[in-house]
Asker: 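Below: one structure in structure tokens.
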Amino acid sequence: MIMQKYVARDEYLDFLKRHQDKKVIKVVSGVRRSGKSTLFLLFREYLRKNGVSNDQIITLNFEDMANEPLRDPHRLYDYLQNAWC
């Protein structure tokens, strides 16, 4: 197994933790390779350790060609509605 090191992103992770139950959209932006995906990986780990089951977490990579149709907002909405039912 390969051990990966992550840069601590406590400030950003704490923000996500504080706002996880608020019904507002959280936007994480940054330049390419700045750690956005790693931040969400760490946040998913935090959620799982705190009782959130895998079927409650939706992860989408819009750079994956398999998800290209979901770039259409109507298709994305339908996908998310079906995932939550």
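Hydrogens, waters and symmetry mates play no part in the numbers below; they use all other heavy atoms, side chains included. Quick caveat: nothing in here was measured; it's all calculated off a predicted structure.
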Asker: Do other residues, nucleotides or ligands put more than 12 heavy atoms under 6.0 Å from R33 CZ?
Answerer: no
Asker: For N61 and N67, which heavy atoms make the closest approach, and how far apart are they?
Answerer: O-ND2, 2.9 Å
Asker: At their closest point, which heavy atom of A66 faces which heavy atom of P69, and how far apart are they?
Answerer: O-CD, 3.7 Å
Asker: Hey, does the side chain of K17 reach the backbone of F43 with a donor-acceptor pair shorter than 3.5 angstrom?
Answerer: no
Asker: Does R44 CZ have over 12 foreign heavy atoms under 6.0 Å away?
Answerer: yes
Asker: On a heavy-atom basis, which atom in V31 and which in K36 lie closest, and how many Å separate them?
Answerer: O-NZ, 2.9 Å
Asker: Decide side-chain contact (heavy atoms from CB on, under 4.5 Å) for V28 and F40; before the verdict, give the C-alpha distance in whole Å, the side-chain angles of both, and the deciding distance to 0.1 Å.
Answerer: CA-CA 9 Å; V28 176; F40 281 109; 3.5 Å; yes
Asker: Could you go through Q20 and L47, starting from their C-alpha distance and side-chain angles, then the distance that decides it, and tell me whether this counts as side-chain contact (heavy atoms from CB on, under 4.5 Å)?
Answerer: CA-CA 9 Å; Q20 76 182 51; L47 291 173; 3.9 Å; yes
Asker: Membership question, hydrophobic clusters at under 4.5 Å side-chain separation (ILVMFWY): are F62 and L80 in the same one?
Answerer: yes
Asker: For atom NZ of K26, is the number of surrounding heavy atoms from other residues, nucleotides or ligands below 6.0 Å larger than 12?
Answerer: yes
Asker: Would one find more than 12 heavy atoms of other residues, nucleotides or ligands at under 6.0 Å from atom OH of Y46?
Answerer: yes
Asker: With clusters defined by side-chain heavy atoms of hydrophobic residues (ILVMFWY) lying less than 4.5 Å apart, directly or transitively, does Y77 cluster with L60?
Answerer: no
Asker: I need the L13 CG to T38 OG1 distance, nearest 0.5 Å.
Answerer: 11.5 Å
Asker: For residues L70 and M65: do they belong to one hydrophobic cluster (side chain heavy atoms under 4.5 Å, members Ile, Leu, Val, Met, Phe, Trp, Tyr)?
Answerer: no
Asker: What distance separates R48 CZ from Q56 CD, expressed to the nearest 0.5 Å?
Answerer: 11.0 Å
Asker: What are the two closest heavy atoms between H74 and D72, and how far apart are they?
Answerer: N-OD1, 2.9 Å
Asker: For the atom pair CZ (F15) and CD (E11), what is the distance rounded to the nearest 0.5 Å?
Answerer: 10.0 Å
